[in-house]
Amino acid sequence: MMRGMTIYLYELAWMLPSVAIPAAMLVALIVTAFGAGIHVPGVEGRVDPTKFAETAPFNEPGVVEVEPSRYEVRMIAGIWFFSPNEVRVPAGSTVTFIATSRDVIHGLALHDANINLMLLPGRVARATVQFNTPGEHLFVCHEYCGIAHHTMFGKVIVEPRQR
Ligand code: CUA
């Protein structure tokens, strides 16, 4: 009797964590996905990489102020450049990156702002961040895209707001 009971408790001691740990992970996943708004970047649209010249917004890559303190960065990645590769915005700006690739798979990693996008030819990626403090933030291509992959980078320059 006692011996059987001991084995049961011993098994239970292992069974409970094996249920509780995945359950806790699931709860953490749900809380971060819905509570903190963390999600995997999805496909925001499609674009023909051979027709950038006639397709808005990629016919005019660059930084555009769409509303006061709201900017759009319309960005094309290609071997081996980002266009634009320098983004200047005043502190306190909300910046939406709308990006795609002209040729092969590239990436856009801006770790200071927690941006991590895949740039695939034919697909549009999008991420919105707010830059509150003046400073410089490096962004890089983080998908290996050929011999000069390491030269694909640019920066976001957040300037002090004029008062
Ligand atoms: Cu583009 Cu690596």
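In listed order, ligands and their atoms are each counted from 1. In this text the structure is predicted, and so the values were computed from the model without any measurement.
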Within one Ile-Leu-Val-Met-Phe-Trp-Tyr cluster: V104 and F82, side-chain cutoff 4.5 Å: yes

Pairs involving residues 97-129, ordered by first then second residue, that meet ring pair (Phe, Tyr, Trp, His ring centres under 6.0 Å) (sequence neighbours left out): none

Protein N/O/S atoms closer than 2.8 Å to atom 1 (Cu) of ligand 1: H106 ND1, C141 SG, C145 SG, M152 SD

side-chain hydrogen bond (donor to acceptor under 3.5 Å, both in side chains): pairs with one or both residues in residues 84-94, sequence neighbours excluded: E86-R88, R88-E159

Shared hydrophobic cluster, I115 / V63 (ILVMFWY, side-chain heavy atoms < 4.5 Å): yes

Partner residues of F153 under the ring pair (Phe, Tyr, Trp, His ring centres under 6.0 Å) criterion, sequence neighbours left out: none

Atom pair CE (M75) and CG (L117), whose distance is rounded to the nearest 0.5 Å: 10.0 Å

